[in-house]
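Below, chain A is the first sequence line, B the second, and so on; all start at residue 1.
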There are 2 protein chains.
Amino acid sequence: MKNNKEVVHCIVDYGFKRVGGKYKGRILWVLRDSVLRYGELKRAIVGVTPKMLTQTLRELEVDELVSRKVYLEVPPKVEYALTKSGQELIPFIEQLRIWAKNQMEQKNITVNSL
Amino acid sequence: MKNNKEVVHCIVDYGFKRVGGKYKGRILWVLRDSVLRYGELKRAIVGVTPKMLTQTLRELEVDELVSRKVYLEVPPKVEYALTKSGQELIPFIEQLRIWAKNQMEQKNITVNSL
DNA sequence: TACAAAATAGTAAGTACTTGCAGTAAATAT
DNA sequence: ATATTTACTGCAAGTACTTACTATTTTGTA
């Protein structure tokens with residue numbers, strides 16, 4: 001999302017710009033109750049390419065929704081966790097999730113993985 | 001969003017796919033408490049091109065978040081309103097909005113229009 | 001000494017999303 | 001007869017977003 005991130009039209013617009021994007025919601029959601037290493041996230045978010053995962057995590061980090069902790073070991077170890085702001089977003093995602101669940105039931109849609 | 005809309009990885013993924021996109025959130029939000037004509041929406045959503053607005057409204061219609069009522073008059077008159085599913089999404093957007101508002105205050109960000 | 005492991009970085013190529021611009025329809029006002 | 005109004009549609013062009021693939025770092029291990 002290099003997109004006019006500067007041009008915010010309204011508060012709702014601002015909100016969606018922080019959380020929008022192909023993987024952000026899922027990443028925040030899996031981090032809701034556990035700190036995860038890069039590789040663990042990779043396995044959790046089925047379908048992400050490593051490049052995309054890293055890139056998305058960087059954006060979340062810049063926006064201060066996710067924190068990154070590097071352990072100086074070899075092989076490398078990096079842990080990702082929600083920040084306070086990130087945690088505050090969880091109830092919101094939870095609500096979307098409830099809505100989505102109902103929709104999927106009504107429309108008889110099933111999920112590919114998980 | 002022609003994007004693998006078919007490939008849903010999890011419930012959260014499904015939810016974000018319905019509401020994601022550059023203008024969907026804003027459109028749903030302005031429709032929260034009033035039925036609007038195409039032209040009114042156009043003025044409300046600062047920055048949308050007519051093409052994009054139409055396209056986005058079509059997607060929302062297909063997803064049954066928004067209803068479209070055509071009056072057989074000349075010049076044409078078309079009204080857009082939230083469906084039941086669309087309305088159920090409002091509390092969610094409201095929550096994102098509260099979060100976003102806090103964030104913007106903390107980060108001292110201001111809005112370009114509105 | 002070559003090899004594996006974990007977490008990336010860089011660049012080119014591909015695909016999806018948006019914009020811009022021209023054009024349509026049909027009744028009414030001029 | 002022509003202009004005006006409203007809500008679009010179609011297509012080409014432009015921009016943003018993703019993927020694919022190659023490469024890097026460092027230390028313990030075979």
Trainee: Under the rule for side-chain contact (heavy atoms from CB on, under 4.5 Å), what residues qualify as partners of B:T54, not counting sequence neighbours?
Mentor: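 Listed in chain order: B:Y38, B:R58.
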
Trainee: Any side-chain heavy atom of B:M52 sitting closer than 4.5 Å to one from B:K22?
Mentor: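 Result no, sub-4.5 Å side-chain heavy-atom pair not found.
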
Trainee: With hydrophobic residues grouped by side-chain heavy-atom distances under 4.5 Å, do B:L31 and B:V70 end up in a single group?
Mentor: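 They do share one cluster, since a chain of ILVMFWY contacts under 4.5 Å joins B:L31 to B:V70.
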
Trainee: Would you kindly give the NZ-to-P distance between A:K42 and D:dT19, to the nearest whole Å?
Mentor: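 Distance, rounded to whole Å: 11 Å.
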
Trainee: For residues 89-111 of chain A, pull every pair meeting ring-ring contact (aromatic ring centres under 6.0 Å, His included), keeping only residues two or more places apart or in separate chains.
Mentor: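 Qualifying pairs, neighbours excluded: A:F92-B:F92.
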
Trainee: Using a cutoff of under 3.5 Å, can you pull out all pairs of nitrogen or oxygen atoms linking the protein to nucleotides 1-6 of chain C, with atom names and distances?
Mentor:
from, atom 1, to, atom 2, distance (Å)
C:dA6, O3', A:R37, NH2, 3.0
C:dA6, O3', A:P76, O, 3.1

Trainee: Give the rounded distance in Å between these two atoms: CD of B:E59 and C1' of D:dC8.
Mentor: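 The answer, rounded to whole Å, is 16 Å.
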
Trainee: By nearest heavy atom, map A:V48 and B:P50 onto DNA chain D; which one lands nearer the 5' end?
Mentor: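 Final value for this comparison: B:P50.
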
Trainee: Could you tell me the separation between the CD atom of B:E73 and the C1' atom of C:dA26, rounded to a whole number of Å?
Mentor: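 Rounded to the whole Å, the gap is 13 Å.
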
Trainee: With distance as the sole criterion, is a donor-acceptor pair present between the side chains of A:Y71 and A:E79 under 3.5 Å?
Mentor: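 Looking only at side-chain atoms, A:E79 and A:Y71 do form a donor-acceptor pair, the distance falling under 3.5 Å.
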
Trainee: Quick check: on DNA chain C, is the nucleotide nearest A:K51 upstream (toward 5') of the one nearest A:R58, or the reverse? Name the residue that is more 5'.
Mentor: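 That would be A:R58.
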
Trainee: Quick one: B:L53 CG to C:dC17 C1', roughly how many Å, whole number?
Mentor: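 Whole-Å distance recorded here is 16 Å.
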
Trainee: Would you kindly give the CG-to-P distance between A:L57 and C:dT8, to the nearest whole Å?
Mentor: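 So the CG-P distance, A:L57 to C:dT8, works out to 7 Å.
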
Trainee: What is the distance, rounded to the nearest whole Å, between atom CD of A:Q55 and atom P of C:dT11?
Mentor: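 Distance check: A:Q55 CD to C:dT11 P gives 14 Å.
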
Trainee: For B:Y71, report the nucleic acid contact type (base, sugar-phosphate, nothing); a contact means any heavy atom under 4.0 Å.
Mentor: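 Counting heavy atoms under 4.0 Å across all strands, no contact is made by B:Y71.
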
Trainee: Taking atom P of D:dA7 as reference, at what distance in whole Å does atom CZ of B:R68 sit?
Mentor: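 In whole Å, D:dA7 P lies 10 Å from B:R68 CZ.
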
Trainee: Would you kindly say whether A:E61 and A:S67 are connected by a side-chain donor-acceptor distance under 3.5 Å?
Mentor: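 No.
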
Trainee: Any salt bridge between A:E64 and A:K84, counting N to O under 4.0 Å?
Mentor: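 Looking at A:K84 together with A:E64, the answer is no, because their closest N to O distance does not fall below 4.0 Å.
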
Trainee: Between B:K17 (NZ) and D:dC17 (P), how many Å, whole number?
Mentor: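 Whole-Å distance recorded here is 17 Å.
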
Trainee: Taking only the side-chain heavy atoms of B:Y80 (C-beta and beyond), determine which of D:dC8, D:dT19, C:dG20 contains the nearest atom.
Mentor: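 Out of D:dC8, D:dT19, C:dG20, the nucleotide with an atom closest to B:Y80's side chain is D:dC8.
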
